[in-house]
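No experiment lies behind these values; they were computed from the predicted model shown.
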Amino acid sequence: MTSVHDYLKENESRFLEELFSLIRIPSISALPEHKADMERCAERWKELLLQAGADHAEVMPSEGHPLVFAEKHVADDAPTVLIYAHYDVMPAEPLNLWTSAPFEPEVRDGRIWARGADDDKGQAMIQVKAFEYLVRQGLLRHNVKFIFEGEEEIGSPSLGAFLEKHRELLKSDIILVSDTSMLGAELPSLTTGLRGLAYWEIEVTGPNRDLHSGHFGGAVANPINVLCELLAGVVNEEGRITIPGFYDDVEDVPQAERDMIAAIPFDEEKYKAAINVKALRGEKGYSTLERNSCRPSFDVCGIWGGYTGEGSKTVLPSKAYAKVSCRLVPHQQHEKISQLFIDYIRSVAPDCVRVEVRPMHGGEGYVCPITLPAYKAAERGFEKAFGRRPLAVRRGGSIPIISDFERMLGVKTVLMGFGLESDAIHSPNENFRLDIFRKGFEAVVEFHQAYDEL
């Protein structure tokens with residue numbers, strides 16, 4: 001039998017070229033002009049899953065972009081692990097900030113540089129190649145299914161209906177996901193909780209056309225000014241969200257958990273230096289790690305209106321827009337929060353403008369019990385690959401479909417991710433460390449073997 005390390009050494013160049021064949025396909029779900037690329041990427045994943053050892057694989061239609069399903073059946077009485085990943089990626093703009101072409105992967109300084117290198121093509125490849133190793137070495141003792149979607153970066157709008165329709169097909173005992181991050185390369189961690197999400201677009205309309213700011217300024221409400229006032233009022237000086245009823249379902253973080261968070265090695269000065277800010281800001285009474293994982297937050301994700309071209313134009317705009325979001329904590333229902341926000345904005349909007357708030361997408365938070373056998377198997381995988389037991393941490397991001405898996409399929413999910421903050425996902429110069437790719441491969445192989453023993 002070939003060892004994990006020898007197999008990786010013999011096949012790494014092939015692994016990377018297969019990964020690069022995926023990365024070269026700009027599978028940007030948010031942009032309609034990439035519809036054909038989405039289909040190409042799904043077909044390529046189908047090919048790679050079959051080559052890795054799946055009994056069969058197929059590209060399945062949805063209300064939006066297609067999904068890829070594959071499975072390996074070992075025995076009727078064996079448990080089943082369902083592996084989820086996504087093949088869509090974020091847009092690459094601004095392109096001028098990339099040091100290399102975002103969809104032409106490069107290896108330099110021990111990293112893969114490209115859009116999707118980490119999120120989520122690189123991490124998905126770890127799962128597929130660990131599966132390949134187990135199949136080819138005759139070590140797989142349980143059934144494995146794969147479901148790869150193409151809309152995670154736009155909130156998985158079609159996946160819920162797909163799950164509802166294909167419950168039996170996706171039946172499993174545990175779901176395994178590699179789409180999260182670790183605390184550090186030398187500080188492995190398993191994500192035990194995710195925040196939920198609610199997202200809106202706001203449109204503020206003032207006069208029926210753009211006006212001359214000299215003739216009308218000071219007499220007619222400027223929609224951009226009003227929009228800024230509305231948004232500024234959502235969070236008070238103590239970092240608390242002012243929407244009535246917003247905190248009704250927010251549980252206080254137990255002191256025992258706060259103590260665990262406080263024990264996580266964290267250098268605030270390095271944190272600030274890494275993102276080039278002089279000071280941090282957030283909800284009073286909570287640490288930085290609590291604020292970005294266990295507490296809800298509100299952010300303006302984009303704001304625009306009026307004249308933004310070269311030079312100047314003295315205009316009082318007719319309209320202003322913003323995209324805003326809330327990160328939610330477990331027990332906060334995104335649909336309830338969405339309506340609370342809409343009601344709040346309507347209640348405080350002045351009569352001098354018309355305001356429309358359009359809900360976009362959202363999802364619930366999630367918590368994984370650390371007593372699950374599959375969680376224990378993931379712990380063992382990290383310990384084998386990284387040489388130390390991983391810390392259990394909640395993370396601030398959202399993967400809305402994880403809570404849908406539990407609600408619709410009745411299955412818990414183990415979040416076994418290998419990303420790092422330095423990977424710059426969603427940003428220019430996304431990258432993935434090769435040493436982490438290798439350790440991730442070893443960790444997932446160990447997960448499957450440990451899962452059979454627990």
Side-chain angles (χ1 to χ4, degrees), residues 18-19 21-73 80-91 103 115-116 119-125 127-128 131 143-172 174-179 197 199 334 359-364 398-411 413:
E18 290 175 358
L19 172 58
S21 74
L22 291 161
I23 288 174
R24 291 186 182 107
I25 302 172
S27 48
I28 304 169
S29 55
L31 302 177
E33 58 264 35
H34 288 283
K35 184 178 185 296
D37 293 320
M38 299 299 296
E39 294 168 356
R40 280 202 303 137
C41 195
E43 289 290 345
R44 181 57 178 148
W45 263 125
K46 172 188 169 181
E47 294 172 358
L48 292 172
L49 286 161
L50 288 170
Q51 292 171 18
D55 294 332
H56 80 271
E58 58 183 306
V59 175
M60 302 182 69
S62 76
E63 295 173 358
H65 296 302
L67 294 96
V68 185
F69 174 79
E71 68 176 323
K72 178 71 176 179
H73 185 76
T80 298
V81 176
L82 174 63
I83 297 171
Y84 163 87
H86 65 90
Y87 66 87
D88 63 322
V89 297
M90 280 285 185
F103 295 106
R115 173 61 85 227
D119 184 23
D120 186 35
K121 293 175 180 177
Q123 294 210 53
M125 187 60 75
Q127 291 286 347
V128 172
F131 166 77
N143 306 313
V144 177
K145 297 179 180 180
F146 296 87
I147 187 70
F148 288 1
E149 71 151 320
E151 297 183 340
E152 194 274 343
E153 299 293 12
I154 56 173
S156 303
S158 306
L159 192 51
F162 185 90
L163 296 179
E164 189 69 43
K165 184 177 180 180
H166 298 288
R167 287 175 186 263
E168 190 62 30
L169 182 71
L170 301 174
K171 188 176 180 181
S172 57
I174 195 71
I175 300 171
L176 184 64
V177 175
S178 291
D179 190 24
L197 177 71
Y199 200 107
H334 74 93
M360 297 185 73
H361 58 267
E364 312 301 300
S398 303
I399 310 178
I401 195 60
I402 300 300
S403 60
D404 289 344
F405 283 147
E406 183 172 13
R407 178 175 56 86
M408 301 178 73
L409 302 181
V411 184
T413 298

What distance do [X] atom [atom1] and [Y] atom [atom2] have between them, rounded to the nearest 0.5 Å?
{"X": "Leu169", "Y": "Leu163", "atom1": "CG", "atom2": "CG", "result": "10.5 Å"}
{"X": "Glu58", "Y": "Leu49", "atom1": "CD", "atom2": "CG", "result": "11.5 Å"}
{"X": "Asp55", "Y": "Glu71", "atom1": "CG", "atom2": "CD", "result": "7.0 Å"}
{"X": "Leu409", "Y": "Glu164", "atom1": "CG", "atom2": "CD", "result": "9.0 Å"}
{"X": "Tyr84", "Y": "Asp120", "atom1": "OH", "atom2": "CG", "result": "7.5 Å"}
{"X": "Leu67", "Y": "Lys46", "atom1": "CG", "atom2": "NZ", "result": "14.0 Å"}

Quick one: closest heavy-atom pair of [X] and [Y], and the distance?
{"X": "Ser27", "Y": "Lys121", "value": "OG-NZ, 2.9 Å"}
{"X": "Glu151", "Y": "Glu149", "value": "N-OE1, 3.3 Å"}
{"X": "Gly116", "Y": "Val89", "value": "CA-CG1, 3.9 Å"}
{"X": "Ile83", "Y": "Phe148", "value": "O-CE1, 4.1 Å"}
{"X": "Ala124", "Y": "Trp45", "value": "CB-CZ2, 3.7 Å"}
{"X": "Met125", "Y": "Leu48", "value": "CE-CD1, 4.1 Å"}

Only residue of Leu82, Ile147, Ile401 satisfying side-chain contact (heavy atoms from CB on, under 4.5 Å) with Ile175 is Leu82
Non-neighbouring partners of Arg44 that pass salt bridge (charged side-chain N to carboxylate O under 4.0 Å, His left out), sequence neighbours left out:
Glu47
Under the side chain to side chain donor-acceptor pair (under 3.5 Å) test, residues paired with [X] that sit two or more places apart:
{"X": "Thr80", "result": "Asn143"}
{"X": "Glu406", "result": "Lys412"}
{"X": "Ser178", "result": "Gln127"}
{"X": "His65", "result": "none"}

Would you find a donor on one side and an acceptor on the other, under 3.5 Å apart, between the side chain of Arg115 and the backbone of Pro91?
yes
Could you pull out all residues at least two apart from [X] that satisfy side-chain contact (heavy atoms from CB on, under 4.5 Å)?
{"X": "Glu153", "answer": "Ser29, His86, Asp88, Met90, Asp119, His426"}
{"X": "Lys165", "answer": "none"}
{"X": "Arg40", "answer": "Ile25, Pro26, Asp37"}
{"X": "Ser403", "answer": "Glu364"}

Decide side-chain contact (heavy atoms from CB on, under 4.5 Å) for Phe103 and Arg24; before the verdict, give the C-alpha distance in whole Å, the side-chain angles of both, and the deciding distance to 0.1 Å.
CA-CA 5 Å; Phe103 295 106; Arg24 291 186 182 107; 5.8 Å; no
Evaluate the side-chain proximity of Val128 to Phe146: yes if any heavy-atom separation is below 4.5 Å, no if none is.
yes
Just wondering, do Asp404 and Leu159 contact through their side chains at under 4.5 Å, heavy atoms?
no
Non-neighbouring partners of [X] that pass ring-ring contact (aromatic ring centres under 6.0 Å, His included), sequence neighbours left out:
{"X": "Tyr87", "result": "none"}
{"X": "His166", "result": "Phe162"}
{"X": "Tyr199", "result": "His361"}

Let's go through Phe405 and Val411 carefully: what are the C-alpha distance in whole Å and the side-chain angles of both, what is the deciding distance for side-chain contact (heavy atoms from CB on, under 4.5 Å) to 0.1 Å, and is it a yes or a no?
CA-CA 6 Å; Phe405 283 147; Val411 184; 5.9 Å; no
Pair Leu22, Cys41 - check side-chain contact (heavy atoms from CB on, under 4.5 Å), show working.
CA-CA 6 Å; Leu22 291 161; Cys41 195; 4.1 Å; yes
